[in-house]
> 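Got a structure for you, questions after.
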Amino acid sequence: MKTIENLKTYGLIAILFLGITLTSCNNDDDEIPDAENHEEIITNVKLIFTPTTGAVVEARAQDPDGEGLEELEILDEITLAADTDYTLTFEIMNNLEEPGEDIGKEINEEADEHQIFFGFTTDAFSTPTGTGNISGSSTINYLDFDENQNPLGLQTSWSTGTGTQAGEFTVRLQHQPDIKDDTTGATDGDTDFELTFVLNIQ
Amino acid sequence: MKLYSSLLILLFQLSSLFAQEDNCIHSVEGEILDIETKQAIPYVTVRIKGTERHTTTDIDGKFLFENLCTETNTLIISCFGYCETVCEHNHQHGKSPHIYLTQEVMGLETVLIEAENKKEEGTASIAQINLNKAELQLNPTQSMAAALSGEQGITFVSSGSNVQMPVIHGLYGNRILVLNNGMKHGFQNWGIDHAPEIDISAAHSITVIKGAAGVRFGPEAIGGAININPNPLHLNKTTYAKIGTSYQSNGKGYNAGFETGTGFEKWSYFINGNYTKIGDRHAPDYMLTNSGKEEKSFGLGTRYHLKDFDFKLYYSYIDQNLAFLRSSIAESGDAFVKAINSDRPLFIRPFSYDINEPNQLTTHHLAKAEINWYYADDAKLTLIAGKQLNLREEYDVRRNADKPIINLDLTTSDYQLEWKHPEWLQLDGFIGFQIFNQDNDNNPGTGTTPFIPNYNTNRFSSFIIESKRSGKNTFEIGLRFDHETSDIRGRESNNDVFKDNYSFSNLSTSVGFIRKINHHSTFRTNIGTAWRSPNMAELYSFGQHGFKNSFGLLRYYTNEDGDLKTDKVIAMKDSKVKPEKGYKFVNEFSTHNNNNSHHITLYGHYIENFIYDRPYGVYGTIRGPMPAYIYVQSDAVFLGADYSWKHELTQRLSGTFGLSYLWSKNISENEPLINQPPTSISYQLAWKKAKLGVLENSVVALKPSYTFTQYQAPRTVPPEDLIDGSEIITPESPIFDFKDAPDGYFLLDLSWNFQWKDVQAGFIIKNITNTAYRDYLNEMRLFADEPGRNFLLTLNYTIN
């Protein structure tokens with residue numbers, strides 16, 4: 001009897017140790033996390049003012065380290081010709097990656113969650129007038145709309161007046177998942193970018 | 001050594017005298033003998049559970065209680081020094097229940113006997129608290145931290161209603177070691193928004209050790225340790241089953257659970273399961289949109305017993321889906337300013353059970369095998385092997401909300417060998433070895449830089465703890481050595497790979513002393529050290545997590561111009577980062593006389609290289625100015641006191657007064673620390689009635705409490721002042737917070753527990769006055785009030 005008891009005991013111990021050895025062999029791998037496509041970070045934004053005739057005007061802002069503590073840089077001033085009609089489009093990139101990721105394309109795909117809002121020095125333009133729709137004072141001439149016919153803002157039209165102007169021009173991209181409708185404004189949702197440029201009209 | 005193989009006999013003569021108009025006429029009388037020698041055991045403390053009534057056996061081992069008001073009494077026998085060695089050993093052998101009685105019952109319907117909760121081995125000289133099953137099942141929907149927070153010196157930090165972490169004497173997170181079934185709970189233990197995945201309704205008891213228990217339990221037990229004990233799998237126990245359910249009004253939450261098991265002569269088992277669902281909670285004035293949770297858990301265990309061997313196997317599983325307040329997400333400086341300055345959260349929607357982003361999905365598996373070999377009467381060898389798998393997915397409000405922003409698998413292996421040696425030179429003690437291993441892997445498909453790198457950590461530890469008893473004094477001394485190596489593989493945000501490899505070693509010590517001054521008073525004191533290596537978030541955080549943009553210790557540096565730079569990952573060997581090391585001195589004095597009992601705990605704690613995150617300032621990003629937090633290291637001092645006083649006002653009415661006070665300071669910079677618990681006081685008035693109509697054992701308790709504002713909080717610098725440049729912050733600027741510490745608040749809670757046949761019921765009202773308040777230790781205080789009034793009804797049905 002004693003021997004059987006002992007056998008049983010040692011058997012159980014053997015099984016347990018076997019279990020431990022089996023489960024302890026998976027350590028010390030040297031796996032590196034997979035490279036990811038960063039679809040959230042925006043490092044470079046370019047505003048492209050295309051006139052009906054004449055030279056294209058571009059203005060760039062960049063934050064080359066994305067989430068890092070490095071300060072944002074506004075590289076150019078916006079210098080527009082007086083008495084001209086422009087279409088404003090954007091190039092929105094994440095250049096942390098090689099090659100850069102076109103975030104503008106993605107915003108366009110999720111048009112029903114995004115809208116770009118604008119702000120500028122009072123009456124800098126002949127249309128729209130006022131200070132823009134960040135402050136809520138004027139209506140922007142949107143050329144693109146989401147599936148619910150709400151404006152997106154990757155394409156807008158602008159007309160400069162005859163006089164010269166010196167002031168500021170602000171663009172703000174709001175992310176409004178589940179809430180975007182015809183009443184949502186520049187303070188609804190979260191900001192994906194907000195950039196202020198010096199504006200000259202001459 | 002005959003003594004050790006013997007059992008205690010308890011002889012009771014229980015008599016109910018004069019059953020007349022006064023109900024307090026019951027009495028209990030008994031004698032405590034050693035079963036084998038039949039010798040009387042003097043100076044054994046016998047207490048009536050739930051009252052301050054206690055006595056000690058006289059020289060003939062006899063005791064007597066008179067004028068008891070209840071027919072049913074639970075006696076707690078604390079045979080200090082005797083039972084600790086004798087009862088536990090025999091009980092583990094499962095020869096028979098370690099205390100049993102031959103009784104003559106007269107006029108008493110039931111006598112229940114419970115052994116005093118044993119102090120955790122190797123930490124007897126440190127102040128501790130024990131919560132048993134009955135206390136835990138009163139409120140099965142609350143978190144472990146909330147369940148413990150009623151005790152002096154313990155509170156919790158939270159990130160909303162679902163994520164709550166216990167705070168012991170001002171320390172939390174990686175400074176409190178959470179032991180799940182004797183093993184370090186292997187989870188993503190970083191940040192204020194990750195709480196251990198523990199289902200308290202499956203726990204049998206919880207022990208909180210309020211001192212540096214680093215020698216016994218290993219790294220991270222700097223501020224203390226919390227041991228969650230599972231079903232002990234008693235042998236010789238008839239089949240039992242418990243079914244419980246509860247409902248809470250705030251969040252329309254419900255819970256259902258069961259536990260069943262049987263103890264045969266040689267083996268036993270249990271099975272338990274739980275389900276909890278809570279919807280959006282509400283503050284007094286508005287809905288806390290996206291604050292619900294869903295939790296499923298399951299556990300089982302079995303034990304097989306041979307003459308000298310005891311085998312136990314456990315498995316437990318928990319699955320959680322925790323919602324985080326929608327209004328806590330602010331993705332730009334402007335939005336953050338707006339969110340923290342608004343009186344009401346920015347997102348308020350009608351009640352819903354839906355859990356949307358931001359939320360966390362976690363699954364935790366734990367398997368454990370334990371062998372005890374009782375190779376001699378007073379010695380044993382214990383081998384424990386455990387494996388844990390923790391899967392975590394976190395979702396955030398973002399353009400790719402359907403993809404997890406964090407997706408981690410953490411595998412933890414734990415092997416422990418402990419030898420409780422035979423008495424040697426009058427020393428009682430044990431020696432242990434431990435191998436601990438963690439393997440963390442990022443799963444692909446998050447569309448973002450991994451917030452935490454892949455890593456492998458291996459730790460080898462050994463320790464020895466000895467205690468010596470001489471008369472009324474007990475001395476305890478311990479020594480531990482840990483060696484830990486980590487191998488890191490991560491990615492920077494441009495997808496460049498970074499790697500590092502580092503190791504830390506540490507020697508921890510502990511010296512303790514217990515003096516039993518007399519039958520009423522005990523003094524215990526302990527000086528202990530504990531350490532921990534910095535966690536991965538403290539080292540490698542980079543960018544956004546929740547509403548914070550955090551930078552870890554190895555992700556920033558100061559250049560020659562005094563500017564903070566984040567353009568490279570620093571190797572550990574080139575950094576000034578050091579492990580955290582704590583020295584804690586805890587003294588506990590407890591005394592009780594006829595109607596009063598007092599517990600005083602005084603502590604002093606010095607922590608070298610204390611790691612914490614603090615607001616750093618705002619910095620320009622493409623989203624506009626953003627608030628930034630950085631991790632820093634400093635030396636810190638904590639001094640504090642816990643006091644509780646329980647007194648019997650009448651036979652039925654008792655009051656308990658509690659006070660917790662903590663003073664803390666960063667002594668390297670001579671400035672306050674951030675997020676430290678404020679002072680709190682409470683008073684609980686409890687009224688007991690044995691029979692109330694058909695209801696038995698009613699206890700009605702009213703608990704007013706007041707939490708003071710945190711006077712030691714750092715100064716406030718609103719983010720708008722940083723954005724408009726009216727306040728300039730440099731790395732030398734003193735610490736600040738973005739918002740003032742909230743005002744003090746008064747809360748009133750009421751509970752009524754009673755029994756009706758086999759049903760144990762509880763009715764609780766939390767925050768009766770529906771006070772709107774914010775808690776300094778809740779990260780969500782920046783955005784919303786705490787939940788308002790809550791009615792909670794709990795029913796537990798036991799079938800024996």
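Chain identifiers are assigned alphabetically (A, B, ...) following the order of the sequence lines, protein sequences preceding nucleic acid strands; residue numbering begins at 1 within each chain.
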> Let me know if B:N443 has heavy atoms under 4.5 Å from chain A in its side chain, its backbone, both or neither.
backbone
> Can you tell me how far CD of A:E67 sits from OG1 of B:T448, rounded to the nearest 0.5 angstrom?
6.0 Å
> Is a side-chain donor or acceptor of B:N454 paired with a backbone partner of A:E31 at a separation under 3.5 angstrom?
yes
> Using a 4.5 Å cut-off on heavy atoms from C-beta on, say whether the side chain of B:T449 contacts that of A:E36.
no
> Hey, what do you get for NZ (B:K565) to CG (A:L69), rounding to the nearest 0.5 Å?
9.5 Å
> B:L346 versus chain A, heavy atoms under 4.5 Å apart: side chain, backbone, both or neither?
neither
> In terms of heavy-atom pairs under 4.5 Å with chain A, which of B:G445, B:G490, B:P453 leads?
B:G445
> With only heavy atoms counted, which part of A:I74 is less than 4.5 Å from chain B, the side chain, the backbone, both or neither?
neither
> Please look at B:P450 and chain A and tell me whether the side chain, the backbone, both or neither of the residue comes under 4.5 angstrom of a heavy atom of that chain.
side chain
> Is A:I103 in contact with chain B via its backbone, its side chain, both, or neither, using a 4.5 Å heavy-atom distance?
side chain
> In terms of heavy-atom proximity below 4.5 Å to chain A, should B:T457 be classed as side chain, backbone, both, or neither?
neither
> Please look at B:N494 and chain A and tell me whether the side chain, the backbone, both or neither of the residue comes under 4.5 angstrom of a heavy atom of that chain.
both
> Walk me through whether A:E70 and B:T566 qualify under side chain to side chain contact (heavy atoms under 4.5 Å, CB included).
CA-CA 7 Å; A:E70 192 127 325; B:T566 56; 5.6 Å; no
